[in-house]
Amino acid sequence: MENILNPSILSANFANLESDFLELERNNIKKIHIDVMDGNFVPNITFGPGQIGCLRKISKFYFDCHLMVNEPIRLIDSFVNSGVDCLTVHVEACTHIHRTIEYIKSKNIDCGVALNPGTSIKDTENVLDIVDKILVMTVNPGFGGQKFIHSMVSKIEDLNELLYKKNIKNKIIQVDGGINIDTIDKVYNIGVRDIVVGSYIFEGESIEISIKNLINKIR
Ligand code: DX5
Ligand code: ZN
């Protein structure tokens with residue numbers, strides 16, 4: 001169950017990430033979600049490969065890196081060298097989405113395609129067979145602590161159906177944004193097994209209590 005949760009460190013304590021990492025480890029978390037923002041594709045700025053490289057040295061977590069940057073193909077080499085395990089790029093941010101994904105795959109790491117709430121799943125249709133993961137944003141990207149957009153539930157159902165119709169198997173569907181004790185079951189119940197959670201985990205009473213609450217809700 002803990003494997004389903006993917007804590008977004010966007011809401012963690014930037015002044016002491018190591019202590020938050022240790023607390024996540026004590027609660028059996030195996031992966032973390034790292035939100036990279038460029039102040040251009042989204043109106044916020046966060047981490048770069050330098051910081052991620054430092055975090056890599058202190059942690060064995062699976063690093064799931066969500067690139068909210070324009071034309072990420074320019075930056076793939078530096079992020080791969082920083083030690084990430086997965087790079088997810090936005091379909092809206094890539095002039096050549098197929099080329100970008102093929103380039104990430106050539107680096108032998110996992111690869112995902114993300115889509116904003118306003119983007120149709122049709123825009124990802126031609127890369128579904130080559131990605132490992134499809135990230136359905138359930139808020140508009142840029143900030144933690146936003147409200148879950150409920151109409152994304154039917155979008156995820158449509159995506160499930162599209163994958164089934166195309167006979168595309170073994171893809172991870174990930175959701176990101178607005179997940180908390182009131183919304184986690186909405187996505188779990190339609191088969192989502194990679195659930196990013198930021199503010200609910202890091203800004204509650206304690207990391208341990210928040211993780212337990214979430215797991216109990218879907219158990
Ligand atoms: C938003 C980021 C999310 C964010 C989720 O652009 O991609 O990963 O940290 O945070 P919460 O769970 O607070 O919505
Ligand atoms: Zn994210």
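Just so you know, residue 1 is the first one in the sequence shown, and it goes up from there. In listed order, ligands and their atoms are each counted from 1.
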| Among G142, S11, A12, S8, closest by any non-hydrogen atom to atom 6 (O) of ligand 1 | G142
| task | May I ask whether I209 and F21 are part of the same hydrophobic cluster, defined by side-chain heavy atoms of I, L, V, M, F, W, Y residues being less than 4.5 angstrom apart, directly or through others? | result | no
| query | Nearest protein heavy atom to atom 14 (O) of ligand 1, by residue and atom, and its distance? | reply | G178 N, 2.8 Å
| request: Report yes if G177 has an N/O atom closer than 3.5 Å to an N/O atom of ligand 1; otherwise report no. | output: no
| remark: ligand 1 to V196, heavy atom cutoff 4.0 Å, flagged ligand atoms 8 (O)
| G145, any N or O under 3.5 Å of ligand 1 N or O | yes
| message | Looking at V196, is its backbone amide N or carbonyl O close enough to the side chain of Q174 to form a donor-acceptor pair, meaning the two atoms are under 3.5 Å apart? | response | no
| remark: min-distance protein heavy atom vs atom 13 (O) of ligand 1 -> S199 OG, 2.5 Å
| Contact summary for F79 and P49, nearest pair of heavy atoms | CZ-CD, 3.5 Å
| note | A student checking ligand 1 against H33 at a 4.0 Å heavy-atom cut-off should list atoms 8 (O)
| field | For F143, atoms of ligand 1 separated by under 4.0 Å from a heavy atom | value | 1 (C), 6 (O)
| Is a side-chain donor or acceptor of T100 paired with a backbone partner of H96 at a separation under 3.5 angstrom? | yes
| request: Indicate whether the side chain of S8 and that of D35 have a donor and an acceptor atom separated by less than 3.5 Å. | output: yes
| With the 4.5 Å side-chain cut-off for hydrophobic clustering, are V136 and I172 part of the same group? | no
| request: Would you mind counting protein N, O or S atoms that sit less than 2.8 Å from the Zn ion (ligand 2)? | output: 4
| Path from V89 to L135 over hydrophobic side-chain contacts below 4.5 Å | no
| task | May I ask whether M68 places a heavy atom under 4.0 Å from ligand 1? | result | yes
| request: Compare every heavy atom of N44 with every heavy atom of M37, then report the nearest pair and how far apart it is. | output: CB-O, 3.1 Å
| said: Please list, in number order, the atoms of ligand 1 under 4.0 Å from a heavy atom of H66. | reply: 7 (O)
| task | Output the list of atoms in ligand 1 that are nearer than 4.0 Å to some heavy atom of P141, sorted by atom number. | result | 6 (O)
| message | Using every non-hydrogen atom in the two residues, find where A93 and V69 come nearest and quote the distance to one decimal. | response | CB-O, 3.3 Å
| query | Does a donor on one side chain sit under 3.5 Å from an acceptor on the other, for D20 and N13? | reply | no
| query | So which heavy atom in the protein is nearest atom 12 (O) of ligand 1, and how far is it from that ligand atom? | reply | G198 N, 2.8 Å
| message | I'd like to check whether D176 has a polar contact with ligand 1, where a contact means an N/O of the residue lying under 3.5 Å from an N/O of the ligand. | response | yes
| query | By number and element, which atoms of ligand 1 are closer than 4.0 Å to a non-hydrogen atom of M37? | reply | 6 (O)
| message | Just to confirm my output: which protein heavy-atom neighbour is closest to atom 10 (O) of ligand 1, and how far is it? | response | G144 CA, 3.6 Å
| query | Less than 4.5 Å apart, any side-chain heavy atom of I121 and any of K155? | reply | yes
| request: Test L115 against every option in E92, H90, M152 by the side-chain contact (heavy atoms from CB on, under 4.5 Å) rule and name the one that passes. | output: E92
| said: Within ligand 1, which atoms have a heavy atom of D35 less than 4.0 Å away? | reply: 2 (C), 3 (C), 4 (C), 7 (O), 8 (O), 9 (O)
| Do T183 and N180 get their side chains close enough for a donor-acceptor pair, meaning under 3.5 Å? | yes
| said: Ring centroids only, cut at 6.0 angstrom: are F14 and F47 within range, meaning strictly under it? | reply: yes
| query | Between V42 and ligand 1, which residue portion shows a heavy-atom distance shorter than 4.0 Å: side chain, backbone, both, or neither? | reply | neither
| Sub-4.0 Å atoms of ligand 1 with respect to non-hydrogen atoms of L10 | 4 (C), 9 (O)
| message | Consider side-chain contact (heavy atoms from CB on, under 4.5 Å). Of I9, I34, I109, which one does F63 pass it with? | response | I34
